[in-house]
Amino acid sequence: MKNVLFVASESVPFIKTGGLADVVGSLPKYFDKEEYDTRVILPRYMCMKQEWKDRMEYVDNFYMEIAGQNQYVGIFQCVFDGVTFYFIDNEHYFAGFAPYDGTPDWNIEKFAFFSKAALSILPVVGFRPDLIHCHDWQTGLIPVYLDNFRYGGEYYRNIKTIMTIHNLKFQGVWDTKTVRAITGLPEYYFVPDKMEAYKDANLLKGGIVYADKVTTVSNSYAEEIKTPFYGETLEGLMWARSNDLSGIVNGLDYEEYNPEKDPMITYNFNVSNFRKEKIKNKLALQEELGLEVNKKIMTIGIVSRLTDQKGFDLIAYVMDELCQDAIQIIALGTGEEQYENMFRHFAWKYPGKVSANIYYSEPMSHKIYASCDAFLMPSLFEPCGLSQLMSLRYGTLPIVRETGGLKDTVEPYNEIEKTGTGFSFTNYNAHEMLNTVRYAEHIYYDKKRDWNKIVERAMELDYSWKTSAKHYEALYNSLIG
Ligand code: ADP
Ligand code: GLC
């Protein structure tokens, strides 16, 4: 049996702010249980729903030094869907209304504590991993601490590490002096070929330098981050580690996202009956959101964190033009105020046509994936993207920019060869996006049979974890075979 440990800052069903939680909560279920014992460590945030906290069982506690102080480390445990989750408890660090609440330096201290605690609880819970799979900057210190712990004892020797980059934009950067004081790591680590980048300390960089393998969540993004545009100042490092860097595209939890069984949608459907059944969801949602109830009109969905990553500048730029067309737009998301207000403004300007839902709701997200005809995701960059995979699964055709995982998972419709599962454009340009949306409108209104064929192909794709989990297994085996 090979012991694999995931350490991450979020995971469904316990806590979620984005796709990272979907990945961490679903991938461990798909490894061969005969060969791998996969467990997960998460923070025990105070903002987790009570129903989840109630399921956790107290295990033990001890004190650990961080930021020059002795801090309480509580351990809780819970088995969910056959996977063991451990939770690190500390009310000082994990209070707050959301996982990343607080100033940047506070977050660095919070996750330095988390990373060191994740390693420190292992002897206590009696799970010695052969490999630790780290996710994003919040766990970047783990490979570094592991390097440092090795001097301290046998227990941590030979534990392999993988660092998966879900988003290179967030790196956990703060001044070196403070990070040294917080982590307690020796000066040795704070030099440019280790954790230092441009005079500051960079937690993700530490993880990338010290991990045995580095992965990211699509092939295209793995290539893109070696260039200055996508490299977020670490492109040189990505080049330097390119022999150990690979892209493995995300999968979806096909049990959770299943139009045939999904309890969150109004009418269930599948690839053979979507022509009759899917449309009923559209009518129900139009009614619910106060849009014109009209089964003929093309509806375009958006479900997203509202940040510049997702291409909202393009949408804002041509929204007035787009709203002249025979379409409806249904947006769900929270984030930067300028984008929240942009959607509120257009919902006010075009009542019955634009619906702005500025909140977080899983059931509403499922309804949008199930009800709309198309899904708009014109990202500036997109490491993988799960929303387009969810849309494909529910026969809602993605309109995307050809970047990162969007490029790898959405095949543009080709009228001549009758292939493709969505629509795409190349440049980060608002009118290029608008033209592509209008081309999709043309197929929807004038070539309905072709449209339905695209839906059929989209729904028949397999973006479950089946294939990608095998790629991770192969990578694990290359280190701990
Ligand atoms: P990212 O991780 O960059 O936010 P992904 O496409 O990988 O992008 O994943 C986003 C996840 O968050 C999807 O599961 C999506 O449905 C969900 N999501 C985003 N915004 C909301 C919202 N307002 N309400 C419900 N779910 C949301
Ligand atoms: C990040 C990326 C997104 C990816 C998700 C899960 O949040 O922005 O593209 O799908 O992580 O890997």
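First listed ligand is number 1; within each ligand, the first listed atom is number 1. Counting from 1, the numbers follow the sequence of the chain as shown.
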Any side-chain heavy atom of [X] within less than 4.5 Å of one from [Y]?
X    : Y    : result
S371 : Q286 : no
I330 : C372 : yes
E382 : M377 : yes

Taking 4.0 angstrom as the limit and counting only heavy atoms of [X], give me the atoms of ligand 1 inside it, by number and element.
X    : result
M390 : 13 (C), 14 (O), 16 (O)
K310 : 1 (P), 3 (O), 4 (O), 8 (O)
G333 : 23 (N)
G385 : 6 (O), 7 (O)
S361 : 24 (N), 25 (C)
Y369 : 15 (C), 16 (O)

Starting from [atom], which protein heavy atom do you reach first, and at what distance in Å?
atom                    : value
atom 4 (O) of ligand 1  : R305 NE, 2.6 Å
atom 12 (O) of ligand 1 : K16 CE, 3.6 Å
atom 10 (C) of ligand 1 : G19 N, 3.6 Å
atom 18 (N) of ligand 1 : V303 CG1, 3.9 Å
atom 7 (O) of ligand 1  : L386 N, 3.2 Å
atom 23 (N) of ligand 1 : Y359 O, 3.0 Å
atom 13 (C) of ligand 1 : D22 OD2, 3.7 Å
atom 22 (C) of ligand 1 : Y360 CD1, 3.4 Å

Polar atom proximity, [X] to ligand 1 (N or O, under 3.5 Å):
X    : answer
Q388 : no
L20  : no
E362 : no
T334 : no
T17  : no

Exercise for the section: Heavy-atom cut-off of under 4.0 Å around ligand 2: list whichever protein residues fall inside it, by chain and number. Expected result: G19, L20, V23, H166, N167, V217, N250, R305, Q309, E382, P383, C384, G385, L386
Exercise for the section: Between S387 and ligand 1, find which residue part has any heavy-atom pair under 4.0 Å and reply side chain, backbone, both or neither. Expected result: both
Completion exercise
Checking heavy atoms under 4.0 Å, the part of C384 that sits near ligand 1 is neither
Problem - Those residues that, when tested against P104, pass side chain to side chain contact (heavy atoms under 4.5 Å, CB included) (two or more places apart) - result: W174
Completion exercise
Sorted by chain and residue number, the side chain to side chain contact (heavy atoms under 4.5 Å, CB included) partners of Y317 (sequence neighbours excluded) come out as A430, H431
Exercise for the section: Answer yes when D130 and K2 have at least one side-chain N-carboxylate O distance shorter than 4.0 Å, and no when they do not. Expected result: no
Fill in the blank from the handout: Here the gap from K407 atom NZ to E224 atom CD, rounded to the nearest 0.5 Å, amounts to 6.5 Å
Handout entry: Polar contact flag, side-chain donor to acceptor under 3.5 angstrom, S379-Q309
Key = no
Exercise for the section: Establish, yes or no, whether a centroid distance under 6.0 Å links the rings of F14 and F87. Expected result: yes
Handout entry: Output field: ring centroids F31/Y476 closer than 6.0 Å
Key = yes
Practice task
Kindly state each residue pair satisfying salt bridge (Lys or Arg N to Asp or Glu O under 4.0 Å) with at least one member in residues 204-219, sequence neighbours excluded.
Solution key: K213-D244
For [Y], does its backbone N or O pair with a side-chain atom of [X] as donor and acceptor, under 3.5 Å?
X    : Y    : value
D136 : H166 : yes
N167 : K169 : yes
K110 : P99  : yes
K282 : K295 : yes

Practice task
Measure across T183 and Y145 and return the closest heavy-atom pair with its distance rounded to 0.1 Å.
Solution key: O-OH, 3.0 Å
